[in-house]
Trainee: 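Take a look at this one; I'll ask things after.
In this chain, numbering begins with 1 at the start of the sequence shown.
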Amino acid sequence: DKVVVVPDVPLAEKPPVAAAAAKEPPPVPESEEEPVKQKQVEDAEALETKISDAVAEGDDEEKVPQSGHYKEESTRVADLLENEKKAVEELKVLVREALNKHEFGGFAMPQQQQQQQPKDDSAKEEPKPKAEAVTETVAETKEESIVQAETGDDEEKVATATVRSDAVEDDGAKTVEAIEDTIVSVSASVQPEQPPEAASKEPSDAKPNVEGKDAETVSNKVLPQEVSIWGIPLLADERSDVILLKFLRARDFKVKEAFTMLQSTIRWRKEFGIDELVEQDFGNDLEKVVFMHGFDKEGHPVCYNVYGEFQNKELYQKTFSDEEKRQNFLRWRIQFLEKSIRKLDFSPGGICTIVQINDLKNSPGLTKWELRQATKQALQLLQDNYPEFVARQVFINVPWWYLAVNKMISPFLTQRTRSKFVFAGPSKSAENLFRYIAAEQVPVRYGGLSKDGEFGNTDAVTEITVKPAAKHTVEFPVTEACLLTWEVRVVGWEVNYGAEFVPSGEDSYTIIIQKSKKVGCSEGEVVCDNFKVGEPGKVVLTIHNPTSKKKKLLYRLKTMPASA
């Protein structure tokens, strides 16, 4: 009766020596490069998988490598290591400085505005037609005009202006008058940059202008930039720490790289028009391609990606036939993810990641260039702008060609990323889904019992393994009159199913509810039955497995009083 499941074994553990001797790589000196060590780890992982598959009951299909030993990290800052806490604080400092300087979203910096402001004011105050000559003269006399403002010597101002006016054209009187007016304007605009000592030496008749300029500067002062991402303002509360942690973990807690990634993400969201995109209507043509359904055993929402839907030629052409349609698909996919993320809980300790189920059954494969290009572009955008939002990637109904592709790209993935991946062939897909998702949360098409009907996703399902060439019975005791309803399913079926009611009274007769019959391998078939009980007894379900393979039995029931 023992059920053997592929264990979640840490990579550091080694397989049995006797079994590993044939394929264990030769010893490598400690000085060798990291890629060599990584190859050893991958070999060991593959060997562990083969050993586990050998222990478990085998089938004819090619064995699919197992992974999925990833454990999600805490989102509470208090649970981090000291160096990680320090990285969070350093990133918050950089973010705060960037907000103060308006460095997010392509806004101009306040310093640039301040540098442009004196120049703009002087240009507005020049009333004379020879503005270019006057501007050049003012630029040359800027330092002298500041000193003159400090001493308050009106005669020296006029003398200086007269000397400089000789460099201008013949109309000297007009130029001197323009210079005097401009000197006053420049002195007022430069005044806030003077040290306290210089400000104390100003003549009393200049104070009203300085005060007026200060008041204008205060009123025009730019407040810190307000930036939100996924509906959470940066540096607002503890939820901001959870978001910053995602960027830090995506960059191995390298603060500058995480900050650069955050800047790029915010800039991309502004350019892509995320806030407007969320409100767009793309229709419902692709609702069967990607959809959310249920939660895993840890409470993560589950997203299903069904690539086989693109076998429909009409849908494929409607989605990928030209660049405009491919971009429309990309925007729809980003919108779907954005809406899903905004429903997550970003509070410390909350669920802020998603489980992805990728169904590769009947997938168009590598021959569809348009699909590959669109998928590649979407993955790149998700990788660059949505860090650490996937708790686990489960691939089901995996064909042989995908294993070859995965083998090629696996060396380029980090160990952390690879640990989130789980692969399962067609005959093991439901079994692997049940490792992470309860059967009542798994759609019927994938072996579960989640569907519209009398039972809901909160009605728990009991799972039992029926041994090969064995018979298993399930009993539902009944002590009073009621209506008993049940759902039963055997993954893959090819078994005999029957149901009967056995009364407790000695003189009563057994009632056949369902005569034993063979149920074929009909995907998605769930037996839903009921029986009105009028006396104490028990309902007995019988499952006979004549095959040489183990079968997964799922069932649940509910009772309704006869008075109802």
Side-chain angles (χ1 to χ4, degrees), residues 70-112 221-275 278 300 334 337-338 340-354 379-392 413-420:
Y70 167 76
K71 180 175 176 60
E72 195 169 11
E73 298 96 335
S74 173
T75 56
R76 294 184 175 91
V77 176
D79 297 337
L80 302 179
L81 301 176
E82 289 303 321
N83 64 313
E84 295 175 344
K85 293 179 181 178
K86 182 179 178 182
V88 172
E89 293 303 319
E90 290 178 357
L91 181 56
K92 291 171 72 173
V93 170
L94 293 178
V95 172
R96 186 173 292 107
E97 291 177 353
L99 291 174
N100 291 336
K101 297 178 180 179
H102 283 224
E103 292 181 346
F104 287 119
F107 292 99
M109 296 174 59
Q111 288 84 343
Q112 295 173 344
K221 183 178 180 181
V222 181
L223 297 176
Q225 187 180 9
E226 294 184 2
V227 176
S228 296
I229 184 169
W230 302 302
I232 309 298
L234 289 181
L235 302 185
D237 49 39
E238 292 180 327
R239 297 175 301 169
S240 306
D241 295 343
V242 175
I243 289 179
L244 296 182
L245 265 176
K246 290 182 178 292
F247 287 90
L248 283 169
R249 285 188 168 125
R251 293 296 179 262
D252 296 326
F253 283 90
K254 297 175 182 178
V255 178
K256 292 184 178 180
E257 293 183 13
F259 177 69
T260 301
M261 183 182 186
L262 176 61
Q263 279 185 311
S264 300
T265 296
I266 294 176
R267 187 180 304 112
W268 171 81
R269 292 174 66 83
K270 181 178 178 63
E271 295 171 354
F272 206 77
I274 292 296
D275 293 333
V278 173
H300 300 96
I334 295 297
L337 178 61
E338 191 73 23
S340 303
I341 287 176
R342 297 191 181 197
K343 297 177 182 178
L344 299 176
D345 180 10
F346 286 97
S347 59
I351 301 298
C352 58
T353 50
I354 297 172
L379 289 176
Q380 188 63 49
L381 286 178
L382 299 182
Q383 179 180 341
D384 293 342
N385 302 288
Y386 294 89
E388 299 298 315
F389 274 105
V390 177
R392 197 178 306 278
L413 303 176
T414 64
Q415 180 57 38
R416 173 184 168 84
T417 300
R418 288 202 303 270
S419 67
K420 296 181 181 182

Trainee: Please determine whether the number of non-hydrogen atoms from other residues, nucleotides or ligands lying under 6.0 Å from atom NZ of Lys85 exceeds 12.
Mentor: yes
Trainee: Charged N to carboxylate O below 4.0 Å: is that the case for Lys86 and Glu89?
Mentor: no
Trainee: Would you check, one step at a time, whether the test side-chain contact (heavy atoms from CB on, under 4.5 Å) holds for Phe247 with Thr265?
Mentor: CA-CA 10 Å; Phe247 287 90; Thr265 296; 3.5 Å; yes
Trainee: Taking atom CG of Leu262 and atom CG of Leu248, what is their separation to the nearest 0.5 Å?
Mentor: 9.5 Å
Trainee: If you compare all heavy atoms of Phe346 against all heavy atoms of Val242, which two are closest, and at what distance to 0.1 Å?
Mentor: O-CG2, 3.1 Å
Trainee: Report, as yes or no, whether the 6.0 Å neighbourhood of atom CD on Glu238 holds more than 12 heavy atoms from other residues, nucleotides or ligands.
Mentor: no
Trainee: Of all heavy-atom pairs between Pro387 and Met261, which one has the smallest distance, and what is that distance?
Mentor: CB-CE, 3.6 Å
Trainee: Output the distance between atom CD (Glu103) and atom CZ (Phe259), rounded to the nearest 0.5 Å.
Mentor: 6.0 Å
Trainee: Looking at every heavy atom in both Val95 and Phe104, which two are closest together, and how far apart are they?
Mentor: O-CE1, 3.9 Å
Trainee: Quick one: pull up CG in Leu244 and CD1 in Ile229 and give me the separation to the nearest 0.5 Å.
Mentor: 9.0 Å
Trainee: List the atom of Ala236, the atom of Ser240, and the distance in Å for their closest heavy-atom pair.
Mentor: N-OG, 2.9 Å
Trainee: Look up atom NZ in Lys254 and atom CD in Glu90, then write down how far apart they are to the nearest 0.5 Å.
Mentor: 14.5 Å
Trainee: Quick check: closest heavy atoms across Thr75 and Cys352, and the distance to 0.1 Å?
Mentor: CG2-SG, 3.9 Å
Trainee: Is there a side-chain contact between Glu73 and Asp79, using heavy atoms and a 4.5 Å cut-off?
Mentor: no
Trainee: Yes or no on side-chain contact (heavy atoms from CB on, under 4.5 Å) for Glu338 and Tyr386, after CA distance, side-chain angles and deciding distance?
Mentor: CA-CA 9 Å; Glu338 191 73 23; Tyr386 294 89; 2.6 Å; yes
Trainee: Rounded to the nearest 0.5 Å, what separation is found between the CZ atom of Arg96 and the CG atom of Leu91?
Mentor: 10.5 Å
Trainee: Can you find a heavy atom in the side chain of Arg269 that is under 4.5 Å from one in the side chain of Asn385?
Mentor: no
Trainee: Salt bridge check: are Asp275 and Arg342 linked by an N-O gap of less than 4.0 Å?
Mentor: yes
Trainee: Set out, in order, the CA-CA distance, both residues' side-chain angles and the distance that settles side-chain contact (heavy atoms from CB on, under 4.5 Å) for Phe389 and Leu382, then state yes or no.
Mentor: CA-CA 9 Å; Phe389 274 105; Leu382 299 182; over 6 Å; no
Trainee: Specify the closest pair of heavy atoms between Leu99 and Leu234, including all atoms of both residues, with the distance to one decimal.
Mentor: CD1-O, 4.3 Å
Trainee: Answer yes or no: are there more than 12 heavy-atom neighbours, outside Glu226 itself, under 6.0 Å from its atom CD?
Mentor: no
Trainee: Show your working on side-chain contact (heavy atoms from CB on, under 4.5 Å) between Glu84 and Leu245 and close with a plain yes or no.
Mentor: CA-CA 9 Å; Glu84 295 175 344; Leu245 265 176; 5.9 Å; no
Trainee: For a salt bridge (Lys or Arg N to Asp or Glu O under 4.0 Å) check, start with the C-alpha distance between Lys420 and Glu388, then their side-chain angles and the critical distance, and finish with the verdict.
Mentor: CA-CA 11 Å; Lys420 296 181 181 182; Glu388 299 298 315; 3.3 Å; yes
Trainee: Could you tell me whether the side chain of Asp237 and the main chain of Arg239 form a donor-acceptor pair under 3.5 Å?
Mentor: yes
Trainee: Does the side chain of Ile243 reach to within under 4.5 Å of the side chain of Trp230, using non-hydrogen atoms?
Mentor: yes
Trainee: Go through the structure and list residues passing side chain to side chain donor-acceptor pair (under 3.5 Å) with Thr353, not counting sequence neighbours.
Mentor: Glu72, His300
